[in-house]
2 protein chains.
Amino acid sequence: MFIPDDVCDLVQIDLARVRALRAALTAPETVQTLADTFSVLGDPTRVRILDALSHGELCVCDLAAVLRLSQSAVSHQLRLLRGLRLVRPRRDGRVVFYSLDDQHIMAIFRQTLQHVEEDQSAKGATGARGAKGAEGRRR
Amino acid sequence: MFIPDDVCDLVQIDLARVRALRAALTAPETVQTLADTFSVLGDPTRVRILDALSHGELCVCDLAAVLRLSQSAVSHQLRLLRGLRLVRPRRDGRVVFYSLDDQHIMAIFRQTLQHVEEDQSAKGATGARGAKGAEGRRR
DNA sequence: TGAACATATGAGCAGTTGCTCATACGTTAC
DNA sequence: GTAACGTATGAGCAACTGCTCATATGTTCA
């Protein structure tokens with residue numbers, strides 16, 4: 001679909017500003033990287049894995065036991081988390097222990113929770129159903 | 001699928017720890033909320049929208065023009081962002097201006113970029129393809 | 001009131017995701 | 001070597017996502 005510089009013909013539409021803004025936008029690769037990272041964090045199972053690992057390193061099968069997930073499911077998810085260097089493996093014999101690879105993640109979790117909590121207290125719960133199906137996404 | 005307390009039968013597997021950890025885990029609703037929020041942030045289009053709005057409020061059609069997206073696409077995404085209170089609408093006649101609803105988001109972006117950058121510098125680029133298809137996801 | 005316009009939303013489709021199942025890989029013990 | 005075991009991974013399927021198209025809603029102005 002073709003989208004011209006000016007989409008609507010209101011006077012208020014600020015064409016100069018539109019063009020200036022385009023130059024000020026974050027680079028596409030950076031945007032993609034941000035989105036990829038958030039995408040990986042945007043799954044309850046992976047959040048739970050990171051949460052569990054925040055208490056210390058765990059082998060795959062203990063992780064599966066803690067979260068009541070299959071070994072395969074955990075392993076698949078760890079692969080993704082490894083890919084973004086959110087977790088780090090350490091082999092000891094046939095057991096592989098995983099730990100958080102980075103302090104930032106927990107800081108990001110904290111900050112995000114702050115956002116959510118500020119929401120609920122400061123603004124009341126009008127239609128706070130979290131858009132994307134905050135409920136009913138588990139299978 | 002049934003998943004017992006202990007998945008594997010190695011001696012190293014720490015059953016007591018598994019049980020203790022279960023009690024220490026973050027509450028399911030909190031996990032879901034975190035995941036929902038990250039899920040919304042985990043899309044390039046929405047990241048771009050938030051990035052654009054970080055420079056100041058914009059009406060829907062200017063936003064569409066800046067990002068070269070259809071009005072419909074932008075509106076659908078704004079709906080999601082509104083749902084999680086990441087953006088806030090302000091009506092002025094028939095024009096609706098959107099702005100960031102929260103300072104936290106930009107802080108989260110910054111922190112996440114720090115994580116990514118630390119990756120690339122400190123750890124070299126061995127297999128840094130970001131798992132989930134960092135490239136080739138645009139259509 | 002009705003035309004024009006900015007925005008919102010429902011339906012539908014192609015692409016993606018997270019799981020399970022089956023199986024391969026890597027290490028240890030015999 | 002081979003058996004056992006912890007982990008990793010490919011295929012495949014059901015559910016979900018983000019877009020477009022068509023259309024509804026809400027506001028302004030004549």
Quick one: is C:dA6 close enough that its OP1 or OP2 comes under 4.0 Å of any side-chain N or O from B:Y98?
no
When the distance from CZ of B:R46 to P of D:dT17 is rounded to whole Å, what number comes out?
9 Å
Protein-nucleotide distance (B:F97, atom CZ; C:dT7, atom P), rounded to Å
8 Å
Roughly, in whole Å, what's the span from CZ in A:R90 to P in D:dT7?
12 Å
From the options C:dG18, D:dT20, C:dT9, select the nucleotide whose nearest atom is closest to the side chain of B:R79.
C:dT9
Stacking check: are the rings of A:H76 and C:dC19 less than 5.5 Å apart at their centres and under 30 degrees in tilt?
no
Any side-chain N or O of A:T45 less than 4.0 Å from the OP1 or OP2 oxygen of C:dC19?
yes
Starting at CG of A:D92 and ending at C1' of C:dG26, how long is that distance when rounded to a whole Å?
14 Å
Measure the distance from CZ on A:R82 to P on D:dT7 and round it to the nearest whole Å.
12 Å
In this structure, how many angstroms lie between the C1' atom of D:dC16 and the CG atom of A:D43, rounded?
12 Å
Identify which nucleotide among D:dA8, C:dG18, D:dT20 has an atom closest to any side-chain atom of B:A73, counting heavy atoms from C-beta outward.
D:dT20
Residue pair A:L69 / A:Q77, side-chain heavy-atom distance below 4.5 Å:
no
Under 4.0 Å between a side-chain N/O of B:S70 and OP1 or OP2 of D:dT20, yes or no?
yes
Is any side-chain heavy atom of A:L58 closer than 4.5 Å to one of B:R17?
yes
Proximal nucleotide (of C:dC19, D:dA8, C:dT7) relative to the B:V95 side chain:
C:dT7
Among the nucleotides C:dG26, C:dT20, D:dT27, which one has an atom lying closest to any side-chain atom of B:R91?
D:dT27
Got a donor-acceptor pair under 3.5 Å from the side chain of A:Q71 to the base of D:dA8?
yes
Side chain of B:R94 only, heavy atoms from C-beta on: which candidate in C:dT9, D:dG26, D:dC19 is closest?
D:dG26
Take the angle between the ring planes of A:H104 and B:H115 and call it parallel below 30°, perpendicular above 60°, tilted in between.
perpendicular
Looking at the base of D:dT9, is there any donor atom on it, or on the side chain of A:S72, that sits under 3.5 Å from an acceptor on the other one?
yes
Report yes if some heavy atom in the side chain of A:L25 is under 4.5 Å from a heavy atom in the side chain of B:L67; otherwise report no.
yes
Return whichever of A:Q77 or A:G93 has its heavy-atom-nearest nucleotide of DNA chain C closer to the 5' end.
A:Q77
Euclidean distance, A:L78 CG relative to A:L50 CG, rounded to 0.5 Å:
9.0 Å
Measure from CG on B:L81 to C1' on C:dA8 and round the result to the nearest Å.
15 Å
d(CG, B:L69; C1', D:dT20) in whole Å
12 Å
